[in-house]
Each structure stands twice: as C-alpha cells, then as structure tokens.
Number of protein chains: 4
Amino acid sequence: MQPGKTAGKTAEAKRPRTRTQAVNREIILEAALSVFAKHGLRGSTVDQIASEAEMSKPNLLYYFRRKQDIYRALLEATLDAWLEPLAAIDPDGEPVEELRRYISAKLDLARRRPEASRLFANEILSGAPVVEDFLKGPLKALVDEKAAIVRGWVGEGRLAPVDPHHLIFAIWATTQHYADFDVQIRALLGTQVDGPGFSDQAAQAVLTIILSGVRPRD
Amino acid sequence: MQPGKTAGKTAEAKRPRTRTQAVNREIILEAALSVFAKHGLRGSTVDQIASEAEMSKPNLLYYFRRKQDIYRALLEATLDAWLEPLAAIDPDGEPVEELRRYISAKLDLARRRPEASRLFANEILSGAPVVEDFLKGPLKALVDEKAAIVRGWVGEGRLAPVDPHHLIFAIWATTQHYADFDVQIRALLGTQVDGPGFSDQAAQAVLTIILSGVRPRD
Amino acid sequence: MQPGKTAGKTAEAKRPRTRTQAVNREIILEAALSVFAKHGLRGSTVDQIASEAEMSKPNLLYYFRRKQDIYRALLEATLDAWLEPLAAIDPDGEPVEELRRYISAKLDLARRRPEASRLFANEILSGAPVVEDFLKGPLKALVDEKAAIVRGWVGEGRLAPVDPHHLIFAIWATTQHYADFDVQIRALLGTQVDGPGFSDQAAQAVLTIILSGVRPRD
Amino acid sequence: MQPGKTAGKTAEAKRPRTRTQAVNREIILEAALSVFAKHGLRGSTVDQIASEAEMSKPNLLYYFRRKQDIYRALLEATLDAWLEPLAAIDPDGEPVEELRRYISAKLDLARRRPEASRLFANEILSGAPVVEDFLKGPLKALVDEKAAIVRGWVGEGRLAPVDPHHLIFAIWATTQHYADFDVQIRALLGTQVDGPGFSDQAAQAVLTIILSGVRPRD
DNA sequence: TATGAATGAGCGTTCATTCAT
DNA sequence: GATGAATGAACGCTCATTCAT
C-alpha cells in the first residue's frame with residue numbers, strides 16, 4: 001500500500017524534489033504530529049509546529065502551504081499504517097491465531113506511534129471532517145470484507161458466536177486505548193508504565209480478555 | 001455524590017441565585033458540552049458556544065466569566081457521573097454480576113451522554129491539563145481500591161486470572177468507544193446505529209467479550 | 001462661591017431631592033475621586049468606582065447617568081476650592097504676606113485633598129478636554145487680574161522683579177507637587193512622609209524658596 | 001549611561017536586528033509616547049498608537065509584543081535621560097552654578113521632550129506600578145547622594161539653609177510643570193507660549209526664584 | 001531555500017450603558 | 001431606589017497566510 005493512496009482526496013502533495021525537501025518535510029510531519037495529537041487541527045497553531053520543528057513559520061509554509069495539508073498528510077500515513085494489518089487477516093488462517101496477530105500488530109502500533117493514534121482519535125472526535133469519505137469508502141469496504149470472514153468462522157464454529165463488527169470495535173478500542181488514554185493510565189499506574197514489562201503485560205491482558213471472548217467453547 | 005465535589009479545584013462556581021441564572025447556566029452548559037466535545041478547550045470558541053446557546057457572547061460571559069470555567073464545570077459533572085457506578089462495585093457481590101452491572105452502567109452513560117465521554121476523551125488527549133490532579137488523586141485511590149477487590153476475587157478463583165487494572169482499562173475502552181468513535185461506527189454501520197436494537201446488540205457484544213474473558217473456567 | 005458654578009458647562013446635575021440621594025451621591029463622588037485620581041477618566045472604569053463605593057453598577061448609574069458626569073462634578077468642586085484662596089489675594093495687603101497666605105492655603109489643600117490635585121493633574125495631562133473652556137475663561141480672567149496686582153507690587157518695589165505669571169506657576173508647581181508626586185516622594189523619603197512634622201517641613205521649604213525669590217532686596 | 005540600564009527590570013528588549021526594525025521601533029516609540037503622555041498606560045489603546053504610527057495593529061505588535069513593553073521602554077529611556085544631569089552635579093563645583101546647570105538641563109528636557117515628562121507624570125499619578133522599584137532603588141540612591149552634597153554646601157555656608165530633598169523637589173516641580181501643565185499654561189498665556197522668547201523667560205523666572213531661595217545671604 | 005515584514009480575521013474578555021422588574 | 005440581565009462596541013492580543021527579498 002502506498003502512502004497517500006488510501007485517504008482519498010489526496011492534497012496536491014508536492015513530491016519532494018531534493019534531499020533537503022524530503023528531510024524537512026519529514027521534520028515538519030514529525031513535529032506536527034506531536035502538536036496535532038495533543039490539540040487537534042483547530043487547537044493547534046502553525047507557530048507551535050514551526051517551533052517544534054525548529055523552523056521559521058514562513059519556511060514551514062513553504063513546504064506545506066496550509067496547516068490542513070500537514071494534517072491531512074499525517075492522517076493519510078496513519079490510515080495506511082493501520083489498514084495493513086487488518087488487510088492481512090487471512091480467511092484461510094487459524095481464526096484465533098489470525099486475531100491474535102491483528103491485535104498484536106495494533107498494540108505494536110499503539111506502542112510505537114501513540115501520537116498517530118491520538119491524532120486519529122482527535123479527528124474522529126471532531127466529527128471526522130477530513131477522513132469521513134475514507135471511512136465510508138475504503139475503510140467500510142475492508143471492514144465489511146473482514147467481518148464477513150469472521151462471520152464465516154463463527155458459522156463454522158471456529159469462533160464463539162460474536163458480532164464481527166463489534167469484535168473489531170472491541171479490538172480497536174482496547175488496543176488504541178493504551179495510546180489515546182496514555183496520560184490517564186500513567187496517572188493511575190505511575191512510573192511502571194515505562195518499565196520494561198509493561199507492554200507485554202498490557203498485551204497479555206488484552207489478548208486474554210478478547211481472545212477468551214471469542215475462543216469457541218467446546 | 002455531590003456535583004463539583006470530586007474534581008478538586010472547584011472554580012468559585014457561583015451557585016445560581018435566581019431562576020434565570022439556573023436556566024441559562026444549564027443552557028450554556030449543554031451548548032458548551034456539544035462544542036467542547038467536538039473541538040476540545042482550545043479548539044472551541046466562546047462564539048460557537050454562545051451561538052449554540054442562542055445567546056450573545058457578553059451575556060454568556062455574564063454567567064461564566066471564563067471559557068475555562070464552563071469547561072471545568074462540565075468535566076466535574078462528567079467525572080461525578082462516571083465515578084458513581086465504579087464506586088458501587090461491591091466486594092461482597094457476585095464478581096461477574098458486579099462487573100456486568102458496572103459495564104452496563106458505563107454503556108448506559110455512553111449512550112445517554114456520549115458528548116460527555118468525548119469531552120473527557122479530548123481532555124485526556126490534550127494531556128489532561130485540567131483533570132490531572134483529579135486523576136492522580138481521587139481517581140487513582142478509587143481505582144486502586146476496586147482493583148484490590150478484583151484481585152481478591154481472582155485469588156479466590158471467582159474470576160479468571162486477569163490483571164485488575166488492565167481489566168478496568170478494557171472496560172473503559174470498550175464502553176467509551178461507542179461514544180468517542182461514534183462517527184466512525186456510523187460510517188461503518190450506517191443507519192442501523194440509530195435502529196432500536198443497536199444499543200442492546202452493542203451491550204451484548206461488549207458483555208460477552210469482556211465477561212467471557214474473566215469468567216473462571218472450571 | 002457655589003459648587004458647580006465655576007466650571008461652566010455644568011452637567012444637568014440633578015439636585016438631590018432626598019437625604020439618601022445626597023448621601024449616596026457623596027459616597028460615589030468620594031469613591032470616584034480616588035479612582036479617577038489614579039487612572040484618569042479613560043483609564044477608570046465604572047466597575048471600579050461602584051466597587052469602591054460598595055454599590056451596584058446600575059445603582060451608581062442611577063445617581064450619575066454617565067461616567068463623565070461624575071468626573072465633571074469632581075472637577076468642578078476641585079476648581080471651586082482652588083480658586084477661593086487665589087481670589088482672596090488682596091491688592092491692598094502686604095505683598096509677601098499675601099503670597100505666604102496663598103501658598104499656605106494651596107499646601108493645605110494638597111495635604112487635605114491630594115486626590116483632587118491628582119484628578120486635576122490627570123485632566124490637564126490628557127489635554128484638559130473637560131476644563132479647557134474654564135481655563136481659558138474664568139481662570140484666565142482671575143489669573144490675569146491677580147498677575148496685574150503682582151505686577152503692581154513689583155512696580156512699586158514691594159516685590160523683587162519677577163514675572164507674575166511665572167511666579168504663579170511656580171507656586172502651583174511646588175505646592176501641587178506634594179500631592180501629585182506623592183508616590184515618588186514616599187519612595188525617596190520613606191516613612192518620614194507620614195511623620196508629624198513633614199507637612200510643616202515641606203511648607204517651610206516651599207515658603208523659604210519661593211518667598212526668598214520674591215522678597216525685595218534692599 | 002546606557003539606555004535601558006537604569007530602570008531595572010528591563011523587558012527582554014529584543015535589540016533591533018535589521019534596519020527596518022530599528023526604524024519602525026523608533027516610529028512606534030514616538031507614536032506611543034504622544035499617546036501614553038496623554039492618557040497613561042490604561043487609558044491608551046494599541047489602536048491609537050498604531051494609528052498614530054500609521055501602522056496596522058498586528059504589525060505594531062510584531063515589533064513590541066505587548067502594550068506594556070512599549071510603555072516600559074519609553075519610561076526607561078526617559079529615566080535615563082533625566083538622571084544624567086542630576087548625576088552630573090559636581091560636589092567640587094560652585095554650588096549655585098551647579099544648581100543652575102541642573103535646572104537648565106531639566107528645563108531643556110521639559111522643552112525638548114515635554115511628552116516624556118507627561119508620560120512620567122502619568123506613571124507617578126497612577127501609583128508608579130512600573131517604576132516603583134526604580135524609584136526606591138537607583139533613584140533614591142542617587143538623590144540621597146546629591147542631597148548629601150547639597151547638605152554639605154549648606155553646612156559650609158555656601159548655600160542658604162534649605163532642606164536638600166525639598167530643594168530637589170522644588171526644582172523638579174517647577175521645571176516639569178512647564179511640560180506637564182503645558183495645556184493650562186497655554187490656556188492662560190495664549191500664543192505667546194510659542195513665541196521665541198518664552199523658553200528663556202520661563203527659564204529666567206525659574207532660575208531667579210529657585211536660586212534666590214538658595215543663594216546665601218551675606 | 002529561507003526569513004523579515006505585514007495583515008485581515010478572529011478570539012477571549014471588558015466596558016459603558018440600557019432595560020426590565 | 002436598587003438589582004439582575006443584556007448588549008454593542010472595544011480592547012489586547014493571536015493566528016493563518018501572504019508578500020518581498
């Protein structure tokens with residue numbers, strides 16, 4: 001899957017021509033991600049991003065002419081990364097194992113790119129003005145396809161009877177929660193969140209809970 | 001539990017002295033909730049709230065002197081409502097039944113006051129600047145207390161072995177997801193979200209998944 | 001001399017009809033004086049005055065319909081009080097004695113009503129928008145009359161040769177300085193300003209300096 | 001003496017980096033001086049200053065981020081200019097001659113920069129919120145030092161017995177009066193104020209009056 | 001590429017004043 | 001007399017964006 005393909009209405013993203021361009025665009029995107037993740041599109045200012053990117057505001061706007069353009073580019077990259085593991089669910093695989101792989105992949109994304117998760121959460125909370133079309137189009141298509149697979153597994157008795165869409169929601173909810181509500185989790189658990197075992201512990205818990213709910217009783 | 005008690009640093013919330021005050025403050029809070037839920041504190045403008053409340057901006061500020069005051073009042077009310085069912089978990093009750101009740105209560109809140117959930121999500125995403133102290137203080141205390149109860153149940157074999165904190169996170173994640181990611185869910189499921197059976201269906205799914213994960217295997 | 005007579009364009013000062021009216025108007029004027037003296041007409045707010053007068057804003061505006069009205073009333077009263085000792089200079093008196101009396105009277109006013117002095121200073125600094133006509137009319141007439149007297153005294157050799165207008169300015173400057181620059185004087189002299197002898201000491205110095213400058217050398 | 005040195009709490013006065021910066025900052029300061037001199041800090045608006053500087057409001061704020069910053073810069077420059085001649089009073093000089101020089105210098109400042117004098121007067125009238133520390137610190141130190149010199153002269157019989165501090169106040173009062181009460185003086189003297197001889201006449205009068213008061217009688 | 005300079009629109013908040021009771 | 005409620009106009013300041021170099 002190519003970046004910038006999935007999210008539909010691709011902004012006239014000027015392709016980087018030079019090395020400097022590519023580097024600076026990357027710097028800007030990284031800086032903007034951390035700002036947008038916290039305050040959303042409207043609550044973030046170009047000044048903050050420029051400051052975070054250690055760049056002058058006009059120079060930043062030389063690379064991305066509008067604030068929205070940076071925001072859109074970030075969302076597109078995020079969606080691309082998120083769809084990949086979902087698309088990888090194999091109808092011919094072992095159901096629980098396939099779900100375990102998907103959950104693990106999502107948890108891994110939440111751990112490695114928590115700000116991307118928060119960026120997306122912000123976008124959805126604010127009514128999905130930018131990704132609405134993408135949700136209703138490509139995402140819905142993919143989700144429906146995978147839901148059908150799950151429904152097939154349930155029909156075959158290889159999964160406990162569970163609504164496929166709600167299962168997917170539960171996976172999204174639990175995995176993304178660790179990124180989106182990171183501040184709350186830190187407030188409740190303190191420094192142990194940064195301890196070495198925390199990720200595994202969280203993964204273990206999520207997998208246990210979700211997979212127990214879908215593993216067929218015999 | 002009294003409104004405005006839980007969230008600590010209560011702004012000098014001038015109690016309404018007249019009928020008009022009470023009515024208008026309520027109108028403003030309702031309007032502000034729908035705005036803040038979408039765009040957070042920084043992304044929302046007093047103009048938007050005033051317009052939503054069908055009130056002039058200075059008149060709105062006659063009731064709440066600062067934008068922050070409205071925001072804080074809303075968060076406090078939300079936290080109060082959210083803590084009640086958690087506090088109600090009874091150590092002497094039947095474990096799965098207690099959890100079922102808590103999950104149902106949270107789902108009910110998500111259904112009846114989805115904007116409050118989004119308001120809170122926005123606050124957390126932006127780093128919890130307002131509720132940080134509350135999270136680290138009263139909430140942590142309550143959560144630790146309830147986690148101990150769960151841990152006790154697990155020790156007695158009345159629940160499957162699961163980390164209590166992560167279980168709580170999973171409950172929060174799955175229940176609030178229906179409010180916070182409502183737009184995404186609608187994009188994926190279409191009009192059926194507004195159908196009569198949807199809430200029950202969602203509740204059924206969440207309860208099935210979570211409770212299967214904690215019900216002890218024998 | 002009647003209050004409100006001197007300053008020309010007398011505002012439609014509704015005469016107090018009742019006891020309460022008279023009392024409240026006096027309270028307001030006293031409160032407003034302390035506010036206007038510090039921040040001038042534009043820099044002062046009705047809220048400040050109302051708060052200082054321990055009165056609600058609408059109630060205050062019931063007595064004086066506009067901020068300007070209070071300001072004007074205060075200026076008029078001040079000018080009345082100030083002109084009296086100047087008018088009292090007697091052409092048939094002993095020159096140095098007459099000046100001593102005038103200087104003493106002005107120093108006394110500065111000591112008893114320093115805020116009135118600051119109010120007037122503020123008005124002049126801001127271009128005398130309210131008292132301009134009064135300055136050019138009644139005040140000029142009176143000053144010219146007294147200057148003529150002084151000039152006569154100089155002509156008769158009863159005073160050292162000094163320009164009468166500049167002499168008056170010097171008197172005004174030195175006497176009002178103790179009220180207008182009170183904060184500066186306190187910063188430089190510390191608590192001794194409030195000591196019992198300070199006024200006398202200041203009076204002594206001013207009288208010495210000014211009168212030595214005008215006492216005829218023989 | 002360096003500008004911005006005397007007044008203590010120097011705002012992070014970003015030194016002009018470019019030609020345009022230097023020019024525009026100067027334009028703004030000049031415009032602001034004429035506005036602040038009339039209405040003080042609170043009574044003045046950024047709009048007025050911008051309009052006076054023939055500049056858009058945001059552009060003005062591009063050079064000085066806050067209204068206070070302009071105000072402070074102006075006060076610092078004024079204080080620097082004012083202290084110089086006071087500091088120049090020479091203990092080894094001829095007393096009356098030293099005082100004459102100081103008075104002349106102050107009169108010259110009042111004539112050349114009357115608005116600076118009014119700016120300062122406004123600041124003092126409003127309670128010296130910005131220069132309070134400066135008054136109590138550096139200014140008090142310098143004044144006390146010079147007062148000691150004067151006291152020495154008096155002790156040696158080279159000056160008439162006069163309180164040194166009150167002498168300084170009298171000099172300040174009379175010299176600054178021509179700037180601070182300019183409007184009043186014009187109202188009383190008419191066009192002659194702009195005549196060629198007026199400054200000399202005023203200087204003559206002030207010097208005569210003050211110096212006669214201090215010249216030792218023999 | 002990069003930056004200094006500039007601006008129209010807007011934002012949170014204050015203010016003088018009015019209205020209704 | 002006195003107060004709660006309401007508002008148009010500002011005010012200090014910020015923001016996204018543009019322009020010139």
D:Met55 or A:Met55, whichever maps to the more 5' nucleotide of DNA chain E = A:Met55
Identify the residue among A:Glu115, A:Arg118, A:Gln48 that makes a side chain to side chain contact (heavy atoms under 4.5 Å, CB included) with A:Ser34.
-> A:Glu115
For A:Thr20 and E:dT1, is the shortest distance between a side-chain N/O and OP1 or OP2 below 4.0 Å?
-> yes
Are the side chains of C:Ile27 and C:Asn24 in touch, meaning some heavy atoms are under 4.5 Å apart?
-> yes
For F:dT7, does either OP1 or OP2 sit under 4.0 Å from a side-chain N or O belonging to B:Asn59?
-> yes
Just wondering, do B:Thr18 and B:Val23 contact through their side chains at under 4.5 Å, heavy atoms?
-> no
Consecutive Watson-Crick or G-U pairs in runs of at least 3, all under 3.5 Å, in which DNA chain F is involved = E:2-21 with F:2-21
Please tell me which of the listed nucleotides, F:dG8, E:dA2, E:dA6, lies nearest to the side chain of B:Pro58?
-> F:dG8
Establish, with yes or no, whether the OP1 or OP2 oxygen of E:dA5 is under 4.0 angstrom from a side-chain nitrogen or oxygen of D:Tyr62.
-> yes
Residue pair A:Ser51 / A:Lys57, side-chain heavy-atom distance below 4.5 Å = no
Grab the CD-P distance between D:Glu54 and E:dA6 for me, whole Å please.
-> 13 Å
Roughly, in whole Å, what's the span from CG in C:Asp69 to C1' in E:dT17?
-> 12 Å
Any B:Tyr63 side-chain N or O less than 4.0 Å from OP1/OP2 of F:dA6 | yes
Are side-chain heavy atoms of C:Thr20 and C:Tyr63 found at a separation under 4.5 Å?
-> yes
Between B:Phe36 and the options B:Asn122, B:Leu41, B:Leu75, the side chain to side chain contact (heavy atoms under 4.5 Å, CB included) test singles out B:Leu41
D:Gln21 side chain near E:dA5 phosphate (N/O to OP1/OP2, under 4.0 Å) = yes
Could you tell me whether the side chain of D:Thr78 reaches within less than 4.5 Å of the side chain of D:Arg113, counting heavy atoms only?
-> no
Distance check: side-chain N/O of D:Arg65 vs OP1/OP2 of F:dT14, anything under 4.0 Å?
-> yes
With salt bridge (charged side-chain N to carboxylate O under 4.0 Å, His left out) as the test, would you mind laying out the steps for A:Lys38 and B:Glu123 before giving the verdict?
-> CA-CA 9 Å; A:Lys38 257 200 150 179; B:Glu123 163 72 6; over 6 Å; no
Would you say F:dG4 has OP1 or OP2 under 4.0 Å from some side-chain N or O of C:Ser56?
-> no
What residues in residues 26-50 of chain C put a non-hydrogen atom under 4.0 Å from any atom of DNA chain F?
-> none
Any side-chain N or O of C:Arg66 less than 4.0 Å from the OP1 or OP2 oxygen of E:dT18?
-> yes
Taken to the nearest whole Å, CG/D:Leu61 to C1'/F:dC11 is 11 Å
4.5 Å side-chain heavy-atom contact, D:Phe134 and D:Val130 | no
Where each residue is assigned the nucleotide of DNA chain F containing its nearest heavy atom, which of A:Gln68 and D:Gln68 is assigned the position nearer the 5′ end?
-> D:Gln68
Nucleotide nearest D:Lys57 (side chain, heavy atoms from C-beta), chosen from E:dT1, F:dG12, F:dT14 = F:dG12
